[in-house]
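Let me begin by presenting the structure, written as structure tokens, before commenting on it.
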2 protein chains.
Amino acid sequence: MEVSQVTHLAVRGILEGMTAQPSEYHRRVAAQKRTSIVEAATRLFLDSGYDGTSLARIAEAAGVSRATLFKQFTTKAALFEAIVTEYWKVDDEEAPLPEPGNLRAGLETIGRRYVALLAQPGMAALFRIVIAEVPRFPEIGETQFRLGKMPYFESVRRYLAAENAAGTARLDDAETAATQFLGMISNFVFWPRMLLARWEPDDSAVTNAVDQAVLTMLARYGTPGTHGA
Amino acid sequence: MEVSQVTHLAVRGILEGMTAQPSEYHRRVAAQKRTSIVEAATRLFLDSGYDGTSLARIAEAAGVSRATLFKQFTTKAALFEAIVTEYWKVDDEEAPLPEPGNLRAGLETIGRRYVALLAQPGMAALFRIVIAEVPRFPEIGETQFRLGKMPYFESVRRYLAAENAAGTARLDDAETAATQFLGMISNFVFWPRMLLARWEPDDSAVTNAVDQAVLTMLARYGTPGTHGA
DNA sequence: GAGGAGGTGAGCCACTCGGCTCACCACTAA
DNA sequence: TTAGTGGTGAGCCGAGTGGCTCACCTCCTC
């Protein structure tokens, strides 16, 4: 073996160890296959549940061989975890908190955002499957809680705290207040859907539910000036 | 064949057609086996989910042969349905509504009853499996909703309507008010448990959640006299 | 044009599943 | 004593499961 060959091999080894670049093309193809797998798997999992979805069907729906599927996701559980995690990836940009000063308007804004989130297609199905599989995959439930529920809970909490500081609201416990607000809404627009497949309140009913929740919050936490408007 | 025999057979035939009496003994044995099956199946279903529980394991846990299981429940789905339906059978006697006149005390009573129900062992697991299987067995979800949620919702609604009629509360829409009250409570004490396996607020936190929900209801729907006490 | 990546198709493995059947047993009631 | 019930154990069936492997192909990149 000549010196130049040795050098060549050493350089390649270093490069591989550092970046493991399998060339632009191969990475692109792999990424395409991967997204196609994730998309198909998401659809099937939400449709048929975890046990009800076989890897064979996922591979078929994704237009991919079973061997490829196993190269990308070593196990069914890993695929499931990737699905749930990536579902929440979309929501990168966080909407800004409403300005303090108008408690009614601020709560209405947040409330409408919340119902819009809950009304997203697939949201109910996602909750359904995650709830079902929490005993087997506890981290999945924590992920869903952290990415799906906490952001809204936190935005309400921080907003209420800001209103409290501004004197536009009067409350000791912003956490409890936030829980109450979101609970009043979701107990009407979302949770019944977990048991009743056909629970689909029309827009006016949903709007009313948010408005009524806001009114109740105003009655409890509003300062005199904010009660009326 | 003598006349008496003919008569005898005819009478037996009529009796069988009317009541299908397989003798006291056999009925008792069958009932025992049945309850033992239902108990074992309930435990296993709540533990491992619908797909995760095999009929073989149920039969084994019940101390019953597979053949017997099939004689009592023609199909796995039928067994599952029986489980869920019988889970709610216990709650025969309905607790009486609080007397109108003290909105705070009445809501507190109902709120504490509600958290006691939600804290029952197996309640979370039951909701979990029912929610998971609603797409496959919609009637199960409706049963759960009708037997598990409606009674409390109705009791709050009727109680609030009574308070309204008595002048101790002021509200147009008792349904919305009831949804709000129960939503404020369950959004803290129950629904997080669907995603977080270890969500188990201590008694003081639960009590506080109910109290705070009552205070919010009083602020919104109480009449001046009831605000303070 | 050679190297090497990722994808492919087929197939193996050991298992489990729900559903169903049947000959036989234990036991009570008449 | 006998008829008839419900329970029993064993076993068969076809289908499907997740996991895994391997030789082979395709196609870009250097």
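Naming: A, B, ... by sequence-line order, numbering from 1 per chain.
Between A:Glu60 atom CD and D:dG16 atom P there is a gap of 12 Å when expressed in whole angstrom units. Separating the CZ atom of A:Arg27 from the P atom of C:dG4 is a distance of 18 Å, rounded to the nearest angstrom. Atom-to-atom, CZ of A:Phe80 to C1' of D:dG18 comes out at 16 Å; the value is rounded to the nearest Å. Rounding to whole angstrom units, CD1 of residue B:Ile58 and P of C:dG18 are separated by 8 Å. One can place CG of B:Leu44 at 16 Å from P of C:dT16, the figure rounded to the nearest angstrom. When rounded to the nearest whole Å, the span between CZ of B:Phe73 and C1' of C:dC20 equals 18 Å.
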### Query
What string of B, S and - do you get for nucleotides 19-30 of chain D 5' to 3' if you count protein non-hydrogen atoms under 4.0 Å?
BBB-----SSS-
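Put simply, the side chain of A:Thr53 gets close to the backbone of A:Leu44: a donor and an acceptor are under 3.5 Å apart. Between the side chain of A:Ser54 and the backbone N or O of A:Arg57, at least one donor-acceptor pair lies under 3.5 Å.
Relative ring orientation between B:Phe80 and B:Phe45 is described as perpendicular, the plane-to-plane angle rising above 60° on a 0-90° scale split at 30° and 60°. Ring planes of B:Phe127 and B:Phe190: perpendicular class, angle over 60° (limits at 30 and 60°).
Residue A:Tyr152 is tested with A:Tyr114, A:Tyr159, A:Phe181 for a ring-ring contact (aromatic ring centres under 6.0 Å, His included); the sole match is A:Tyr114.
Remark: A:Arg34 is not in phosphate contact with C:dG6, judged by side-chain N or O atoms under 4.0 Å from OP1 or OP2. Phosphate proximity of C:dT16 to B:Ser54: absent, as no side-chain N or O sits under 4.0 Å from OP1 or OP2. When the side-chain nitrogen and oxygen atoms of A:Thr68 are compared with OP1 and OP2 of C:dG7, none of them lie within a distance under 4.0 Å.
Proximity note for B:Val64 (side chain, C-beta onward) versus C:dG18, D:dT8, C:dT8: the nearest is D:dT8. The side chain of A:Arg57 sits closest to D:dT17 out of D:dT17, C:dT8, D:dG6.
Defined by atom type and a distance below 3.5 Å, a donor-acceptor pair is present between the side-chain atoms of A:Thr216 and B:Gln180.
Here A:Gln72 lies in heavy-atom contact (under 4.0 Å) with sugar-phosphate atoms only.
Using a cut-off of 4.0 Å between Lys/Arg side-chain N and Asp/Glu carboxylate O, A:Asp211 and A:Arg112 are scored as salt-bridged.
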